J.: 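Handing you a structure now.
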Number of protein chains: 2
Amino acid sequence: MLKITRKVEYALIALSQMQMKRHTALTSVKEISTQNDIPYEILAKTMQLLARADIVEAVKGPRGGYRLIIDPSQIKMTTFFEIIEGPMGFMDCSFDSDCEQIQSCAIRTPIQRINDSIRDMFNNISLQDITRLS
Amino acid sequence: MLKITRKVEYALIALSQMQMKRHTALTSVKEISTQNDIPYEILAKTMQLLARADIVEAVKGPRGGYRLIIDPSQIKMTTFFEIIEGPMGFMDCSFDSDCEQIQSCAIRTPIQRINDSIRDMFNNISLQDITRLS
DNA sequence: ATTAATTAGGACTATTTTAGTCGGATTTAA
DNA sequence: TTAAATCCGACTAAAATAGTCCTAATTAAT
């Protein structure tokens with residue numbers, strides 16, 4: 001529980017690495033995957049998610065790759081997680097939405113408190129806070 | 001990702017419910033499981049974990065059950081999670097401990113930052129904060 | 001034009017984690 | 001003695017995550 005996934009890890013590796021370059025420079029999936037020993041296909045798909053979300057820009061063809069096109073300080077970690085993992089699991093109610101016991105359910109508020117705590121925290125942490133060098 | 005597990009949920013349901021009673025009163029697994037439609041066996045095991053950790057006290061035999069024996073404001077949520085889930089997954093490094101790339105690993109610090117953020121937060125939230133009524 | 005390097009993306013399998021079940025043992029109030 | 005409760009290990013099922021495979025589209029370099 002409360003564990004970040006590999007896809008998030010891989011994305012953070014990639015972005016950290018891209019942040020170290022000139023912001024116009026391109027970084028290919030191959031480059032990142034070999035240097036960090038990350039499965040090429042998974043990283044490729046993860047980068048595609050970031051491209052669709054306009055976090056990075058893709059340049060196709062030989063010598064192509066990705067470059068950052070946003071300021072990482074402007075992206076909240078909640079947003080980042082959602083780009084990679086889809087709608088945040090921790091905000092879902094664990095019971096089905098047609099749950100019959102909504103009245104007597106003793107857990108709803110406690111779970112909401114936990115979820116709210118996590119979400120509030122990551123709403124106040126930017127991608128920059130996580131990937132910056134120092 | 002970042003989702004709390006059923007076992008944690010069930011434990012919170014149980015504890016919330018116990019907190020509503022006189023603190024000497026006993027609550028059985030059957031009572032909690034039927035009232036909240038929780039699988040009996042799973043809840044039973046979860047309560048056993050809480051008993052081993054001296055969060056609750058078990059009274060065996062007919063009319064037995066569990067009662068809270070600690071002040072929920074004295075238990076940090078990190079501790080609570082560890083009682084139920086074992087050592088916190090989010091503090092583990094995702095790479096094997098014999099990872100050869102520890103020098104070049106670009107992600108170690110970012111992951112630590114996320115883990116530290118989560119841990120710090122839950123070190124500062126008590127069980128009472130989560131299960132209290134108001 | 002052709003080739004090779006790159007991104008794009010769907011379908012699939014494997015692995016790990018989580019959830020749940022089963023069978024029995026121990027304790028103890030009635 | 002019985003029945004209701006906790007205790008506990010071994011097992012199965014389901015879901016989530018991780019990883020693989022294959023093919024298409026784009027484009028710089030030759």
Side-chain angles (χ1 to χ4, degrees), chain A residues 1-11 13-14 18 25-34 36-67 69 81 84-90 92 94-96 107, chain B residues 1-11 13-14 18 25-34 36-67 69 81 84-90 92 94-96 107:
Chain A
M1 74 171 295
L2 302 181
K3 201 160 39 178
I4 67 173
T5 62
R6 291 286 173 91
K7 261 157 64 177
V8 169
E9 265 184 55
Y10 298 158
I13 290 175
M18 291 165 80
L26 291 171
T27 310
S28 72
V29 169
K30 187 178 178 190
E31 181 182 336
I32 301 169
S33 73
T34 56
N36 298 280
D37 201 34
I38 296 172
Y40 178 88
E41 299 293 348
I42 297 185
L43 180 61
K45 279 183 189 167
T46 304
M47 292 310 293
Q48 285 160 28
L49 292 173
L50 295 178
R52 275 182 230 159
D54 295 317
I55 302 289
V56 297
E57 178 185 35
V59 174
K60 291 185 181 179
R63 308 221 180 188
Y66 295 94
R67 67 165 69 95
I69 54 170
F81 289 147
I84 295 183
E85 304 283 343
M88 295 266 254
F90 64 75
D92 299 344
S94 300
F95 297 103
D96 296 324
I107 193 58
Chain B
M1 74 171 296
L2 302 180
K3 201 159 41 178
I4 66 174
T5 62
R6 291 286 174 89
K7 261 156 66 176
V8 169
E9 263 185 56
Y10 297 159
I13 291 176
M18 292 166 82
L26 291 171
T27 310
S28 72
V29 169
K30 187 178 179 189
E31 183 182 335
I32 301 171
S33 73
T34 57
N36 298 280
D37 201 35
I38 296 172
Y40 178 88
E41 299 292 349
I42 296 184
L43 181 60
K45 278 183 190 169
T46 304
M47 292 309 295
Q48 285 160 29
L49 292 173
L50 295 178
R52 274 181 230 161
D54 295 317
I55 302 289
V56 298
E57 176 185 36
V59 174
K60 291 185 179 179
R63 307 225 181 186
Y66 294 94
R67 67 165 70 94
I69 53 169
F81 288 148
I84 296 183
E85 303 283 344
M88 294 266 253
F90 64 75
D92 298 344
S94 299
F95 297 102
D96 297 325
I107 193 59

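Within every chain, numbering begins at 1; the chains are lettered A, B, ... in the order of the sequence lines, protein sequences first and strands thereafter. We use all heavy atoms of the structure for the numbers below, so side chains are in, but hydrogens, waters and symmetry mates are not. In this text, all values refer to a predicted model and were calculated from it rather than measured experimentally.
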J.: Would you say Y66(B) reaches dC7(D)'s phosphate, i.e. side-chain N/O to OP1/OP2 under 4.0 Å?
T.: yes
J.: Between C1' on dC22(D) and CD on E41(A), what's the gap in Å once rounded to a whole number?
T.: 9 Å
J.: With the side chain of R63(A) defined as its heavy atoms from C-beta on, choose the nearest nucleotide among dA29(D), dC7(D), dA10(D).
T.: dA29(D)
J.: Using whole Å, report how far CZ of R6(B) lies from P of dA14(D).
T.: 14 Å
J.: Between atom CD1 in I42(B) and atom P in dT12(D), what is the gap in whole Å?
T.: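 Atom-to-atom, I42(B) to dT12(D), this comes out as 17 Å.
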J.: Roughly how many Å is it from CG in L2(A) to P in dA16(D), rounded to a whole number?
T.: 16 Å
J.: What's the NZ-P distance between K45(A) and dT17(D), to the nearest Å?
T.: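 Rounded to the whole Å, the gap is 15 Å.
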J.: First contact, last contact: which nucleotides of DNA chain C are these for chain A, 5' to 3', heavy-atom distance under 4.0 Å?
T.: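 Listed 5' to 3', the contact boundaries are dA4(C) to dT18(C).
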J.: How many Å lie between CZ on R67(B) and P on dA5(D), as a whole number?
T.: 15 Å
J.: Does any part of the side chain of V8(B), heavy atoms only, come nearer than 4.5 Å to the side chain of T46(B), both counted from C-beta?
T.: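 Of all side-chain heavy-atom pairs linking V8(B) with T46(B), none is under 4.5 Å.
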J.: Between G61(B) and K60(A), who's closer to the 5' end of DNA chain D by nearest nucleotide?
T.: G61(B)
J.: What pair of heavy atoms forms the shortest contact from I4(B) to E9(B), and how long is it?
T.: CD1-CG, 4.2 Å
J.: Can you confirm whether E31(A) sits close enough to Y66(A) that some side-chain heavy atom of one is under 4.5 Å from a side-chain heavy atom of the other?
T.: no
J.: Might you work through the side-chain contact (heavy atoms from CB on, under 4.5 Å) test for I42(B) and Y10(B), ending with a clear yes or no?
T.: CA-CA 9 Å; I42(B) 296 184; Y10(B) 297 159; 3.8 Å; yes
J.: What nucleotide among dA5(D), dA3(D), dT27(D) has an atom nearest to a side-chain atom of P62(B)?
T.: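 Taking heavy atoms from C-beta onward, the closest nucleotide is dA3(D).
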J.: Check every atom of dT6(D), dT20(D), dG9(D) against the side chain of V29(B) and return the nucleotide holding the closest atom.
T.: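 That would be dT6(D).
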J.: Considering all heavy atoms of both residues, which atom of M47(B) and which atom of A14(B) are nearest to each other, and what is their separation?
T.: SD-CB, 3.7 Å
J.: Nearest-Å distance, CG (L49(B)) to P (dT6(D))?
T.: 14 Å
J.: Between C1' on dT6(D) and CE on M18(B), what's the gap in Å once rounded to a whole number?
T.: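 Spelled out: CE on M18(B) to C1' on dT6(D) is 13 Å.
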J.: Grab the two heavy atoms, one from L50(B) and one from A11(B), that are nearest each other, plus how far apart they are.
T.: CD1-CB, 4.2 Å
J.: List the atom of I32(A), the atom of N36(A), and the distance in Å for their closest heavy-atom pair.
T.: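 In terms of heavy atoms, the two residues are closest at O-ND2, 2.9 Å.
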